[in-house]
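As the structure is a computational prediction, the values presented were derived from the model and not from experiment. Naming convention: chains lettered A, B, ... in sequence-line order (proteins, then strands); numbering from 1 in each chain.
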There are 2 protein chains.
Amino acid sequence: MSTLTAGRQIAADCCAPLMGEGLSPEEAGATAALFKALSDPTRVRIVNLLAGSPEPVCLCDINSGFELSQPTLSHHLKKLVAAGLLTREQRGTWAFYSINEEALRRLSDVVGQREIAS
Amino acid sequence: MSTLTAGRQIAADCCAPLMGEGLSPEEAGATAALFKALSDPTRVRIVNLLAGSPEPVCLCDINSGFELSQPTLSHHLKKLVAAGLLTREQRGTWAFYSINEEALRRLSDVVGQREIAS
DNA sequence: CCACTACATCGACGAACATCTATGTAGGAG
DNA sequence: CTCCTACATAGATGTTCGTCGATGTAGTGG
């Protein structure tokens, strides 16, 4: 037990210290929140549905593609809007949702931190 | 009894039916599972740490960068390995973890479904 | 063989989540 | 004003999750 009992030095006993560069704990939290918004199959399908539509889609049309209750869909949509992935627009009685392109770009930026050159 | 069960017809009353193309429920589940693995700040930091290291890193070094107990870190690493994002390698007494580049590429592929053509 | 080290697994506990039914709200039609 | 429709919110419930301390396991060294 040469020099130590201070975790950091024990580490140096098996490999390099590295670490330090990279994102802050706060940024990690923000990134995790973004991923958490997409951590449910239903929400992935919603985003995929809206990403494939050139125009906003109303909740009733989204709902007709899922076998879930209307409040449940409303719940998921609220989460996606809160995460910044979707935009909500009221048209008369209906609520229309669409993809937030910039949020998708942010996501792509987070993921592609190693191999994108643009 | 509920008037809500007739959803499909109500939908056609406000906008187009669209939907249909896109990913299947199973694929949505797989994609959501991938995102779920990254839906925790600690796991995001782990992936970031390993993505910034050219060589595998042992758990002791990962652990020294976090204020969490060793079993908790081990738990997160197991989840990341199960998701295919990390690779585990045993070297003597130590367990070394590294990024699975192909998994990152898969993730990037899922996210960049709309704008990679630029 | 024994002690130590590095890591994994177990069991528990509180917080967060997905889903439902029931109810509230607001716009359009008569 | 009144009824119906589209959607949101509230409350309840069973499940999953993150975290911990305690314990098990396997490799290292004397």
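- Using a 4.5 Å heavy-atom threshold, the side chains of B:Leu68 and B:Thr42 count as touching.
- Taking 4.5 Å as the limit, some side-chain heavy atom of A:Val110 sits within range of a side-chain heavy atom of A:Phe35.
- For residues 86-100 of chain B, the pairs satisfying salt bridge (Lys or Arg N to Asp or Glu O under 4.0 Å) are B:Glu89-B:Arg91, with sequence neighbours left out.
- In terms of modelled atom types and a separation under 3.5 Å, the side chain of B:Asn100 and the main chain of B:Leu86 share no donor-acceptor contact.
- Comparing the end axes of the helix from C:dC1-D:dG30 to C:dG30-D:dC1, each fitted to five base pairs by superposing C1' atoms of four pairs onto the next four, gives an inter-axis angle of 20° (nearest 10 degrees).
- Distance alone, capped at 3.5 Å, is enough to place a donor-acceptor pair between the A:Asn48 side chain and the B:Leu23 backbone.
- For residues 73-87 of chain B, the pairs satisfying side-chain hydrogen bond (donor to acceptor under 3.5 Å, both in side chains) are B:Arg43-B:His76, with sequence neighbours left out.
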Please list each protein N or O that sits under 3.5 Å from an N or O in nucleotides 20-30 of chain D, with the distance.
| unit_1 | atom_1 | unit_2 | atom_2 | d |
| --- | --- | --- | --- | --- |
| D:dC20 | OP2 | B:Ser69 | N | 3.0 |
| D:dC20 | OP2 | B:Ser69 | OG | 3.0 |
| D:dC20 | OP2 | B:Thr72 | OG1 | 2.7 |

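- Across C:dC7, D:dC7, D:dG18, the shortest atom-to-atom separation from the side chain of B:Trp94 is found for C:dC7.
- For A:Arg88 and D:dA8, the shortest distance from a side-chain N or O to OP1 or OP2 is below 4.0 Å.
- Here side-chain hydrogen bond (donor to acceptor under 3.5 Å, both in side chains) pairs that include residues 26-39 of chain B, with residues two or more places apart or in two chains, are B:Ser24-B:Glu26.
- B:Tyr97 has no side-chain polar atom (N or O) that falls below the 4.0 Å cut-off from OP1 or OP2 of C:dC7.
- Between A:Lys78 and D:dA8 there is no side-chain N or O to OP1 or OP2 distance below 4.0 Å.
- Taking the ring-ring contact (aromatic ring centres under 6.0 Å, His included) definition, one finds that A:Tyr97 meets it with nothing, sequence neighbours left out.
- For the OP1/OP2 pair of C:dA16 and a distance below 4.0 Å, the side-chain nitrogens and oxygens of A:Lys36 include no atom meeting the criterion.
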